[in-house]
Visitor: 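The structure's right below; bear with me while I get my questions together.
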Amino acid sequence: MGGRPVSARGRGVSERWRAGPRNRLTDVAGLRVGHASSERLRSGVTAILCDRPTLASVAVLGGAPGTRETDLLAPDATVAGVDALVLSGGSAFGLDAASGVQSVLRGWGRGFAVGAFRVPIVPAAILFDLANGGDKDWGDHSPYRDLGVVAAQAAALDFELGGIGAGLGATTAACRGGLGSASVQLPNGATIAALVAVNALGSPLVGSTRHFRAAPFEIGGEFGGLGLPHPLPDDVAVPRSKIALPGTATTIAVIATDLHLDKASARRLALAAHDGFALALWPVHTDYDGDLVFALATGERGPVPDGGARVEVAAAASSVMARAVARAVFATLPLPGDTLPAWTSLAG
């Protein structure tokens with residue numbers, strides 16, 4: 001499987017940057033995350049709730065996205081903040097989950113004021129997990145609205161990773177995917193964090209090994225501490241994909257920070273986080289992926305510094321997203337009826 005591993009430790013990443021106390025998206029204050037999962041359906045929903053309306057943007061680089069209310073995230077759109085974001089399985093059926101989250105928020109009196117009415121703003125993105133062996137015979141109406149309600153009501157600071165929520169039915173070219181999260185605290189005190197549902201067309205692993213492509217960015221052995229294989233295998237540059245089942249992919253994510261950004265800068269942060277996809281998955285952003293990253297900026301720490309500090313923020317967004325991808329796959333456990341093995345079941 002590739003000989004002596006090369007450790008990612010001691011290369012400067014963990015010396016300059018450290019993971020937050022939870023190593024999750026909720027290390028950015030003002031955010032909570034909840035899951036709803038159905039093992040019978042083999043699918044689920046993840047809701048990201050904002051304690052107050054929060055500036056958001058989005059970047060879509062995959063060729064087959066499925067979204068709701070992403071146009072209002074454009075820099076010239078009127079709505080300045082969102083109340084929640086939703087990541088869901090179920091392909092286009094999963095967009096119903098946002099209605100469930102919206103109904104919970106409306107009951108709490110949340111939403112954009114329009115005269116005497118309040119309209120909760122809940123953009124959403126979906127991944128395709130219909131062909132993963134679950135029971136999708138749900139009748140006239142999909143279950144995703146109800147799953148959205150459960151996910152919103154479960155939102156908390158601590159939440160599980162792996163085969164749960166939007167990542168329950170996710171797969172990659174090499175093994176099961178999952179739901180992952182990671183955070184980083186920069187020397188200037190800012191926090192950047194990521195959450196991702198990994199259902200990639202490509203693979204998170206180096207060739208046919210168990211080693212993660214994101215290994216150089218690992219902090220504290222958070223996804224096994226295997227490092228990179230040495231020597232690199234001959235098939236390191238050979239793309240592994242689910243191309244035999246086109247339309248069964250998409251990686252969807254959220255990158256968040258406590259820095260103050262405008263919508264244009266938030267979109268730049270989302271684009272930098274897409275680089276994290278490329279650091280952790282191969283191939284990525286294909287015609288059959290709907291790869292998407294939402295960005296959230298709570299503004300608690302003031303503006304992004306200029307110069308090298310701005311470059312460091314972008315680099316941190318890329319690395320924290322790569323780590324979240326690997327943590328998703330690492331944390332996912334086997335389930336009866338799996339069409340692909342979990343990473344934990346792969347030969348060492």
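Source: prediction; values computed, not measured.
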Visitor: In terms of side-chain heavy atoms, does Asn188 have a donor or acceptor partner in Arg301 at a distance below 3.5 Å?
Guide: no
Visitor: Which of these passes side chain to side chain contact (heavy atoms under 4.5 Å, CB included) with Leu261: Leu296, Leu269, Thr298?
Guide: Leu269
Visitor: Which distance, rounded to the nearest 0.5 Å, do you find between the CG of Asn132 and the CG of Leu41?
Guide: 8.0 Å
Visitor: Is there a side-chain contact between Leu205 and Arg213 in this structure, where contact means two heavy atoms from C-beta onward sitting under 4.5 Å apart?
Guide: no
Visitor: So do the side chains of Val101 and Leu105 get within less than 4.5 Å of each other, counting heavy atoms only?
Guide: yes
Visitor: Can Phe212 be reached from Leu161 by stepping across I, L, V, M, F, W or Y side chains whose heavy atoms are under 4.5 Å apart?
Guide: no
Visitor: In Å and rounded to the nearest 0.5 Å, what is the CG to NE2 distance from Leu346 to His211?
Guide: 11.5 Å
Visitor: Between Arg32 and Asp51 (salt bridge meaning N to carboxylate O under 4.0 Å), is one present in this structure?
Guide: yes
Visitor: Please tabulate, for side-chain N and O atoms in residues 83-96, each donor-acceptor pair with protein atoms closer than 3.5 Å (sequence neighbours left out).
Guide:
unit_1 : atom_1 : unit_2 : atom_2 : d
Asp83  : OD1    : Arg110 : NH2    : 2.9
Asp83  : OD2    : Ile121 : N      : 2.9
Ser88  : OG     : Gly94  : O      : 3.4
Asp96  : OD2    : Ser142 : OG     : 2.9

Visitor: Any chance you could lay out the side-chain contact (heavy atoms from CB on, under 4.5 Å) test for Asn23 and Ser181, step after step, and finish with the verdict?
Guide: CA-CA 7 Å; Asn23 203 11; Ser181 193; over 6 Å; no
Visitor: Counting only N and O atoms by type, is there a donor-acceptor contact under 3.5 Å from the side chain of Asp338 to the main-chain atoms of Leu335?
Guide: yes
Visitor: For Ile252 versus Ala125, what's the shortest heavy-atom pair and its separation?
Guide: CD1-O, 3.5 Å
Visitor: State whether the side chain of Thr209 and the backbone N or O of Val206 hold a donor-acceptor pair below 3.5 Å, judged by distance alone.
Guide: yes
Visitor: Between Lys242 and Ala200 (side chain of the first, backbone of the second, donor and acceptor by atom type, cut-off under 3.5 Å), is there such a pair?
Guide: yes
Visitor: Taking atom CZ of Arg240 and atom OG of Ser203, what is their separation to the nearest 0.5 Å?
Guide: 5.0 Å
Visitor: Any sub-3.5 Å donor-acceptor pair from Glu300's side-chain atoms to Asp258's backbone N or O?
Guide: no
Visitor: For the backbone of Ser57 and the side chain of Lys263, can you confirm whether one donor and one acceptor N or O come within less than 3.5 Å of each other?
Guide: no
Visitor: Measuring only between side-chain heavy atoms, which start at C-beta, is Leu281 closer than 4.5 Å to Val325?
Guide: yes
Visitor: Decide yes or no for Ser183 and Ile192: does some side-chain heavy atom of the first lie under 4.5 Å from some side-chain heavy atom of the second?
Guide: no
Visitor: Taking the side chain as every heavy atom from C-beta outward, state whether Thr257 and Thr191 have any atom pair closer than 4.5 Å.
Guide: no
Visitor: Given 3.5 Å as the limit, does a donor-acceptor pair link the side chain of Thr54 with the main chain of Arg52, or not?
Guide: yes
Visitor: Look at atom CD of Glu160 and say whether more than 12 heavy atoms of other residues, nucleotides or ligands are closer to it than 6.0 Å.
Guide: no
Visitor: Is the NZ or CZ atom of Arg210 both under 6.0 Å from the centre of the six-membered ring of Trp343 and within 45° of that ring's axis?
Guide: yes
Visitor: If I compare all heavy atoms of Asn199 with all of Gly169, which pair ends up nearest, and what's the gap?
Guide: OD1-O, 4.2 Å
Visitor: The test is salt bridge (Lys or Arg N to Asp or Glu O under 4.0 Å); show your working for Arg22 and Asp158 and say whether it passes.
Guide: CA-CA 8 Å; Arg22 296 184 182 86; Asp158 294 311; 3.3 Å; yes
Visitor: Salt-bridged, Arg18 to Glu222, with N to O below 4.0 Å?
Guide: no
Visitor: Rounded to the nearest 0.5 Å, what's the gap from CZ on Phe217 to OG on Ser318? Could you check?
Guide: 8.0 Å
Visitor: Answer yes or no on whether Arg24 is positioned over the face of Phe159, meaning its NZ or CZ is under 6.0 Å from the six-membered ring centre and within 45° of the axis.
Guide: yes
Visitor: Tell me whether Arg268 at atom CZ has more than 12 heavy atoms from other residues, nucleotides or ligands lying less than 6.0 Å away.
Guide: no
